[in-house]
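Since the structure comes first, as structure tokens, the remarks are kept for the end.
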Amino acid sequence: MTIDPLPQVDLSAANTLAVPSTAAWCAELTDPRDLPALVRWASARGMAIRALGGGSNLVLNEQVSGLTVKVAIRGKTRVETESDRQRWRLGAGESWHQTVVDLVAQGGSGIENLALIPGTVGAAPVQNIGAYGVELADCLYRVEAYDILEERWRYFTREACQFGYRDSVFKQLENRFIITAVELELSRTFVPKLSYGPLQALATKPDLNAQDVMEAVIAIRQSRLPDPNHLPNAGSFFKNPVISFEQYEALLVQHDDLVVYEQPEGWKLAAGWLIDQCGLRGRHNDDGVGCYERQALVLVNPNRAAASSILDWQAHVQDAVFERFQVLLEPEPRFWT
Ligand code: EPU
């Protein structure tokens, strides 16, 4: 093995919530060929092995057990070009946002709505990142991952990824696979996706292109969501809950101003709106952990408080929303102990 895991590695700067945290063992993976040996190293010691990308969807305990693998595999290669499609193979450690910028500059379209999402390419399929009417699933060709249990490489087509709203096989079978590369299939014919309210104004712009949409998305995100480099956060902290038609009817009796989106399986509620209605937007606990003043769904951690304080605030928000709306909010980030 060409890389040796190091003991007691500080992860405070490796998670966007900036919680203080130390990994029992940590290794940086730049070459996927080192992965099988790392997996054997961990299993010989009875340790769990987990992949860390940009740390933008995680709550880290003060002590993180097992072997943490920081995925730093680089590479952006155009692997095939049909007349109207571009297929790209991307190393899992590439920055997601920089990838969007680069691929749009190369004439690709289909990912422009996903600009400025923090994190790495390899983390994108885990929760099927989505924003402004587009999900990763819409442009994903396949995923390359190492199967920790079976100790072999596997390729997942879009169907095999079992994508759902902020969900995938990689999230369901937590810590079974380490994603090493993602292949995207982009279109060279620009088809704008402008269904999200604030993007609709672009529809009348002459000669609209993917770059214009990307810039509009960046401006919207910058105006509403805090930059983790300035104010530690993990994006939306809760998923938008999907409730049954019956529950929706019952809620409407008391709350006729509910913000909802119709889904095949029921109604999706805007969790940010639910939290806001409970008066929690801009509020925080004694450690400063609280709901961002411009978007209640984003939990912020300005004083770099520990995971316990994040979990306290999470419970506080869940209790308030449950009491008022009888809906249980499910956290989006994963909790590592
Ligand atoms: N709202 C409020 N108060 C708030 C926040 C939101 O009233 O404090 C209302 C808004 O006015 C709007 C509705 O709630 O009517 C929805 O808000 P928004 O458009 O900001 O979107 P969201 O549902 O809160 C989701 C994603 C975001 C994504 C946006 C845009 C989830 C959990 N979050 O947020 O994703 O950027 O849509 O597509 O699905 C992320 O996952 O980290 C993330 C930022």
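Being a predicted model, the structure only gives us computed values, none of them experimental. Each ligand, and each atom within it, is numbered from 1 in the order the structure gives.
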*Taking only residues two or more places apart in sequence, or in another chain, which ones meet Q247 in a side-chain hydrogen bond (donor to acceptor under 3.5 Å, both in side chains)?*
none
*Can you spot which of L11, T30, L29, T120 makes a side chain to side chain contact (heavy atoms under 4.5 Å, CB included) with K70?*
L11
*N113, N209, V100, L103 screened by side chain to side chain contact (heavy atoms under 4.5 Å, CB included) with M214, the one that passes*: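 Only one option passes, and that is V100.
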[X]-ligand 1 polar pair, N/O distance under 3.5 Å:
{"X": "R224", "answer": "no"}
{"X": "S236", "answer": "yes"}
{"X": "Y261", "answer": "no"}

Report, one line per pair, each donor and acceptor closer than 3.5 Å where one atom sits in a side chain of residues 132-149; sequence neighbours left out.
unit_1, atom_1, unit_2, atom_2, d
E135, OE1, N128, ND2, 3.1
D138, OD2, E135, N, 2.9
R142, NE, E183, OE2, 3.2
R142, NH2, E183, OE2, 3.3
E144, OE1, R89, NH1, 3.2
E144, OE1, R89, NH2, 3.2
E144, OE1, Y155, OH, 2.9
E144, OE2, R89, NH2, 3.4
E144, OE2, T180, OG1, 2.6
Y146, OH, E151, O, 3.3
D147, OD1, L149, N, 3.0
D147, OD1, E150, N, 3.1
D147, OD1, R176, NE, 2.9
D147, OD2, R154, NH1, 2.9
D147, OD2, R176, NH2, 3.0

Measure the distance from [atom] to every protein heavy atom, then report the residue, atom name and distance (to 0.1 Å) of the closest one.
{"atom": "atom 9 (C) of ligand 1", "value": "W273 CB, 4.0 Å"}
{"atom": "atom 15 (O) of ligand 1", "value": "V259 CG1, 3.7 Å"}
{"atom": "atom 18 (P) of ligand 1", "value": "Y196 OH, 3.6 Å"}
{"atom": "atom 14 (O) of ligand 1", "value": "A270 CB, 3.4 Å"}
{"atom": "atom 23 (O) of ligand 1", "value": "N240 ND2, 2.8 Å"}
{"atom": "atom 38 (O) of ligand 1", "value": "Y132 N, 2.7 Å"}
{"atom": "atom 28 (C) of ligand 1", "value": "A131 CB, 4.0 Å"}
{"atom": "atom 26 (C) of ligand 1", "value": "R166 NH2, 3.4 Å"}

*asked:* For atom 11 (O) of ligand 1, is there a protein heavy atom at a distance under 4.0 Å?
replied: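 Within 4.0 Å: no protein heavy atom nearby.
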*Does the protein put a heavy atom less than 4.0 Å from atom 40 (C) of ligand 1?*
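Yes, there is one.
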Proximity to ligand 1 by part of [X], non-hydrogen separation under 4.0 Å:
{"X": "F238", "value": "backbone"}
{"X": "R294", "value": "neither"}
{"X": "A296", "value": "both"}

_Between R281 and E293 (salt bridge meaning N to carboxylate O under 4.0 Å), is one present in this structure?_
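No, this pair does not count.
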_Under a 4.0 Å threshold between the charged nitrogen and the carboxylate oxygen, would R87 count as salt-bridged to E185?_
yes
*For atom 17 (O) of ligand 1, state which one of Q295, Q127, E330, E135 supplies the nearest heavy atom.*
Q295
Polar side-chain atom of [X] near backbone of [Y] as donor-acceptor pair, under 3.5 Å:
{"X": "Q86", "Y": "Q106", "answer": "yes"}
{"X": "N240", "Y": "A271", "answer": "yes"}
{"X": "R224", "Y": "R294", "answer": "no"}
{"X": "W88", "Y": "L186", "answer": "no"}

Does any non-hydrogen side-chain atom of [Y] lie less than 4.5 Å from one of [X]?
{"X": "L328", "Y": "P241", "result": "no"}
{"X": "Y196", "Y": "V217", "result": "no"}
{"X": "L67", "Y": "I49", "result": "yes"}

Report, in ascending order of atom number, the atoms of ligand 1 lying under 4.0 Å from any heavy atom of [X].
{"X": "D276", "value": "2 (C), 3 (N), 4 (C), 7 (O), 8 (O)"}
{"X": "E332", "value": "32 (C), 41 (O)"}
{"X": "R281", "value": "8 (O)"}
{"X": "Y165", "value": "31 (C), 32 (C), 39 (O)"}
{"X": "R221", "value": "36 (O), 44 (C)"}
{"X": "G235", "value": "42 (O)"}

*side-chain contact (heavy atoms from CB on, under 4.5 Å) between W273 and L258: does it pass, once the steps are laid out?*
CA-CA 8 Å; W273 183 86; L258 274 182; 3.6 Å; yes
